[in-house]
Amino acid sequence: MSDTLVFYSGPDPFEAWRDALAPHLPASTRIEQADAVTDPLSVRYALVWMPPEGFFERFPNLKLVINLGAGVDRLVARTDLPDLPITRLSDPNMGRMMAGFVLFSVLRHARDIPHFEAAQARRQWSYRHPRAAEETTVAVLGLGELGAMAASEIARQGFDTHGWATRERSLPGVSVHCGDAALAPLAARADIVVCMLPLTPATRQRLDADFFAAMKPGAAFINVSRGEVVDQDALVQSLQAGHLSGATLDVFATEPLPPDHPLWSLPGVLITPHLASVALPKSAAPQIAANIRAVQDGQPLANEVSRLRGY
Ligand code: NDP
């Protein structure tokens with residue numbers, strides 16, 4: 001019996017995903033773009049990134065929704081999502097890309113790069129003596145698939161590395177802190193805070209004015225997860241007041257960040273347009289195909305998302 005995988009994504013090219021997936025799937029499984037589906041009743045699997053409202057209604061025989069990325073906040077928040085298993089991508093190359101971006105961001109602040117860029121703009125030789133990595137404390141908030149890999153990379157560079165999550169876990173080189181009460185003390189000791197928390201009802205605006213006030217004077221803030229985890233106005237105020245020395249921000253409450261937003265021109269702030277990491281067809285295809293085969297064979301799924309937790 002033939003079945004169909006339907007693909008929908010604005011930014012991701014269909015042909016690249018189709019060509020990466022085809023060798024891993026049975027010949028009887030068709031891979032079709034949403035607007036070219038020939039037999040909607042044969043669609044059993046949906047590989048999607050932000051499909052339009054009402055998308056799932058066309059496919060009453062769906063058995064699995066695969067989120068074309070790591071962040072599932074937009075998918076699980078939908079009111080039209082059928083009651084089906086959802087999986088996310090857990091791709092090591094995506095993790096490496098994220099870990100590389102986070103390491104770059106940490107080094108940017110740890111090595112005072114914003115200071116040198118500002119000095120260069122003034123044609124000024126402005127020496128600042130480098131510190132050993134172990135003298136800089138880095139806190140990674142969120143130790144999930146991507147967060148744990150980034151924290152390990154930071155630890156590997158010799159930074160005094162800490163992490164924050166809901167559950168205890170062992171991560172070599174990383175001191176793990178758990179629970180709400182641990183957040184403010186961690187913020188107070190970190191020179192650099194990296195936000196890698198998923199957006200859920202519990203984390204929305206979790207990094208608020210009190211959090212930024214608790215951060216060490218002169219510390220830097222990095223956000224690569226979701227803008228809505230942060231009270232962006234409180235972040236701006238903290239930067240404007242000079243309480244924070246700078247920030248590296250890849251994600252925002254509103255994307256694209258509006259041209260007149262104050263963050264664009266604050267000293268020490270680097271803005272990138274939500275690209276810290278992306279889903280990579282070649283390395284993600286085997287695990288997507290494995291989950292499709294698991295559905296076909298009635299086997300357990302990998303990388304399943306908890307709708308209750310929201311990640
Ligand atoms: P995971 O979903 O694998 O893990 C989430 C982590 O956050 C877990 O460690 C979890 O704790 C912790 N956490 C969740 N809620 C809380 C809470 N209320 N208090 C404390 N800790 C909490 O996430 P990933 O590491 O894979 O990815 C992180 C985020 O990165 C994604 O959700 C996505 O939004 C973003 N992302 C951004 C990209 C970009 O280009 N900028 C690209 C890809 C992803 P526990 O371990 O106890 O469950």
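Predicted, not measured: the structure shown is a model, and the values here were computed from it. Read the numbers this way: they start at 1 and go in the same order the structure lists the ligands and their atoms.
The shortest N or O to N or O distance between Val251 and ligand 1 is not below 3.5 Å. The N/O atoms of Gly144, backbone and side chain alike, include one that comes under 3.5 Å of an N/O atom in ligand 1. At least one N/O-N/O distance between Arg226 and ligand 1 falls below 3.5 Å. In terms of N/O distances under 3.5 Å, ligand 1 is approached by Arg167. Residue Ser277 has at least one nitrogen or oxygen atom sitting less than 3.5 Å from a nitrogen or oxygen atom of ligand 1, judged on distance alone. For ligand 1, the polar-atom distance check against Leu197 finds no nitrogen or oxygen pair separated by under 3.5 Å.
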Query - side chain to side chain donor-acceptor pair (under 3.5 Å) between His261 and Gln232, intermediate numbers included - result: CA-CA 11 Å; His261 198 280; Gln232 211 165 261; 3.3 Å; yes
Requested in this report: Go through the steps to decide whether Ser90 and Gln287 satisfy the test side chain to side chain donor-acceptor pair (under 3.5 Å), and finish with yes or no.
Outcome: CA-CA 8 Å; Ser90 166; Gln287 45 136 317; 4.9 Å; no
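Not a single heavy atom of Gly69 sits less than 4.0 Å from an atom of ligand 1. Not a single heavy atom of Met149 sits closer than 4.0 Å to an atom of ligand 1. Not a single heavy atom of Leu199 lies less than 4.0 angstrom from ligand 1.
Looking from atom 18 (N) of ligand 1 to the surrounding protein, the closest heavy atom is Thr203 CG2, 3.6 Å. With respect to atom 17 (C) of ligand 1, the closest heavy atom belonging to the protein is Thr166 CG2, 3.5 Å. Closest to atom 1 (P) of ligand 1 among all protein heavy atoms lies Arg88 NH1, 3.5 Å.
Using a 4.0 Å cut-off between charged nitrogen and carboxylate oxygen, Asp112 and Arg131 count as a salt-bridge pair. Salt-bridge formation is detected for the pair Glu153/Arg156: a Lys NZ or Arg NE/NH1/NH2 atom is positioned less than 4.0 Å from an Asp or Glu carboxylate oxygen.
If you check the side chains of Arg189 and Thr137, you find no donor sitting under 3.5 Å from an acceptor. Under 3.5 Å, the side chains of Gln296 and Asp3 contain a donor-acceptor pair of N or O atoms.
With a 4.0 Å cut-off on non-hydrogen atoms, Asp250 touches ligand 1 through its side chain and not its backbone. Heavy atoms of Arg206 found under 4.0 angstrom from ligand 1: none, in either backbone or side chain. For Val278, no heavy-atom contact with ligand 1 is shorter than 4.0 Å.
Closest heavy-atom approach to atom 24 (P) of ligand 1 among the candidates Leu146, Leu183, Leu143: Leu146. In the candidate list Gly142, Gly147, Pro198, Pro201, Pro198 is nearest to atom 5 (C) of ligand 1, counting heavy atoms. Checking Gly71, Gly310, Gly179 against atom 33 (C) of ligand 1, the nearest heavy atom belongs to Gly71.
The shortest non-hydrogen separation linking Thr4 to Ser42 is OG1-OG, 2.7 Å.
Near His274, meaning under 4.0 Å from any of its heavy atoms, are these atoms of ligand 1: 39 (C), 40 (O), 41 (N).
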List the atom pairs, with distances to 0.1 Å, where a side-chain N or O of residues 262-272 and a protein N or O form a donor-acceptor pair under 3.5 Å, not counting sequence neighbours.
unit_1	atom_1	unit_2	atom_2	d
Trp264	NE1	Pro258	O	2.8
Thr272	OG1	Asp250	OD1	2.7

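Taking CE of Met50 as the start and CZ of Phe55 as the end, the distance is 13.5 Å to the nearest 0.5 Å.
Ring-centre distance between Phe212 and Phe221: below the 6.0 Å cut-off.
Every pair passing side chain to side chain donor-acceptor pair (under 3.5 Å) that includes a residue from residues 92-104 is listed here, sequence neighbours excluded: Asn93-Arg96, Asn93-Ser283.
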